[in-house]
Amino acid sequence: MRIDSERKLDFDDVLIRPKRSRLKTRAGVDLVRTFKLPHGKGPLVGVPVIAANMDSVGTFNMARALSEHQMFTAVHKYYTIEQWQEAKLPEHAFVTFGMESVDKITDTLKKLGRTRLCLDIANGYTEMFVDLIRDIRAANPDIVLMAGNVATPDMTEALILAGADIVKVGIGPGSVCTTRMMTGVGYPQLSAVIECADAAHGLGGLICADGGCKTPGDVAKAFAAGADFVMLGGMLAGHTEALSDDQLAKIKDGDNTLEYYGMSSATAMNRYSGGVAKHRAAEGRVQQIQYKGDVAQAV
Ligand code: 5GP
């Protein structure tokens, strides 16, 4: 084993030192950015915040609400093609897939007429994943391809060289993630962002800092560290746009608590994968959210 003794940092370890500026007011800051892509047909234009592809965050309603502010949503992968076709979402929405066949992914994108893909697997460190990115890029030369997750420069480079435009960075920092506890694997998120952004930018690629932002200040720190995009789960969970019809009805009936859960939690696996597979443990947890008036709070 090699111990990396250089200090690695999380968002809470740093603050942004104030600096002189010519701005007269914060209202004068233009948040819209135009990104040139290394592979896909760009430019990609918008406010670089992305709702996470979790079933209690990346909903159709979230995509509609955020796109009004030119922000993006990685729509979760549990909607059917028919639901997508009915939803007629704005262009800021990404279609999400996990480890699926190139044909299935390519056919779905074509059927839906969509060109933005989020390829999301818990551990982006496999040859199989790199091969999948390469094959998807070959079959879809023009799409915007965001892929992850990884947390180190070597793998960031590998994914960009294989065909990713945006690499999703973050192993273990998520608010409902238990990967670090269950597997011992992870990397302090601010350092991951700094190191992966540097690697990506050297190749003309982009990164999305995914996980661990608890406050708007954390989002600012991620951008300061070099993130091109920031993905948010917990900060958007519990908002009306993230809730299912059943949840909205419960709240209307006076129930003021809800559950927000990780996509690798037992709750999610019971819902979508017929339970937790025998060869693994859940790597996500359930977070209770309590409503006080209009305010949703994690408890
Ligand atoms: P947050 O903004 O809530 O801190 O982090 C959101 C990110 O956490 C997601 O985009 C995803 O990468 C990650 N995540 C979501 N659910 C799980 C889970 O069950 N396990 C793990 N390890 N990560 C998760």
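Side-chain atoms are counted along with the backbone in the values below, which use heavy atoms only and exclude waters and symmetry mates. Both counts, for ligands and for their atoms, begin at 1 and track the order of listing.
- Within 6.0 Å of CG on D253 lie more than 12 heavy atoms contributed by other residues, nucleotides or ligands.
- Note on M54 and Y272: same hydrophobic cluster, where clusters join Ile, Leu, Val, Met, Phe, Trp and Tyr whose side-chain heavy atoms are under 4.5 Å apart, directly or indirectly.
- On a distance-only criterion, R285 and ligand 1 share no N/O pair closer than 3.5 Å.
- Regarding atom 16 (N) of ligand 1, its nearest protein heavy-atom neighbour is M263 N, 2.9 Å.
- Counting protein heavy atoms only, atom 24 (C) of ligand 1 is closest to C177 CB, 4.1 Å.
- Atoms of ligand 1 found under 4.0 Å from any heavy atom of M231, numbered from 1 in the order shown, are 10 (O).
- For Y261 and R271, the side-chain atoms include at least one donor-acceptor pair closer than 3.5 Å.
- On a distance-only criterion, E283 and ligand 1 share at least one N/O pair closer than 3.5 Å.
- Within 4.0 Å of atom 21 (C) of ligand 1, at least one protein heavy atom is present.
- Without hydrogens or angle criteria, T96 side chain to V75 main chain gives a donor-acceptor distance under 3.5 Å.
- Here the side chain of D10 pairs no donor or acceptor atom with the backbone of D12 at under 3.5 angstrom.
- Of the heavy atoms in N149, only side-chain atoms (C-beta onward) come closer than 4.0 Å to ligand 1.
- Looking at every heavy atom in both residues, I121 comes nearest to M99 through CG2-N, 3.8 Å.
- Heavy-atom contacts of G234 reach the following atoms of ligand 1: 1 (P), 2 (O), 3 (O) (cutoff under 4.0 Å).
- Linking ILVMFWY residues whenever their side-chain heavy atoms come closer than 4.5 Å, directly or via other members, leaves F129 and F94 in distinct clusters.
- Checking side-chain atoms of E283 against main-chain N and O of M263 turns up no donor-acceptor pair under 3.5 Å.
- By the 4.0 Å N-to-carboxylate-O rule, K250 lies close enough to D255 to be salt-bridged with it.
- Within the listing of ligand 1, atoms 10 (O) sit less than 4.0 angstrom from a heavy atom of A52.
- With respect to K110 and D107, no salt bridge is recorded, no charged nitrogen being found less than 4.0 Å from a carboxylate O.
- Regarding atom 3 (O) of ligand 1, its nearest protein heavy-atom neighbour is S175 OG, 2.6 Å.
- Nearest heavy atoms, A197 versus A225: CB-O, 4.2 Å.
- If you number the atoms of ligand 1 from 1 as listed, the ones under 4.0 Å from a heavy atom of S265 come out as 19 (O).
- Residue G262 has at least one heavy-atom neighbour below 4.0 Å for each of these atoms of ligand 1: 16 (N), 17 (C), 18 (C), 19 (O).
- Remark: minimum distance from atom 12 (O) of ligand 1 to any protein heavy atom is reached at D210 OD2, 2.6 Å.
- With a 4.0 Å heavy-atom cut-off, ligand 1 is reached by the backbone of S264 and by its side chain too.
- With 3.5 Å as the limit, one finds no donor-acceptor pair spanning the side chains of N61 and T59.
- Interface atoms of ligand 1 facing G212, defined by a heavy-atom separation under 4.0 Å, are 1 (P), 4 (O).
- Contacts of M54 with ligand 1, taken as heavy-atom pairs under 4.0 Å, involve the side chain alone.
- In terms of protein heavy-atom proximity, atom 8 (O) of ligand 1 is closest to G174 CA, 3.7 Å.
- Ligand 1 has a nitrogen or oxygen under 3.5 angstrom from a nitrogen or oxygen of G233.
- Each of the following atoms of ligand 1 lies closer than 4.0 Å to a heavy atom of Y260: 3 (O).
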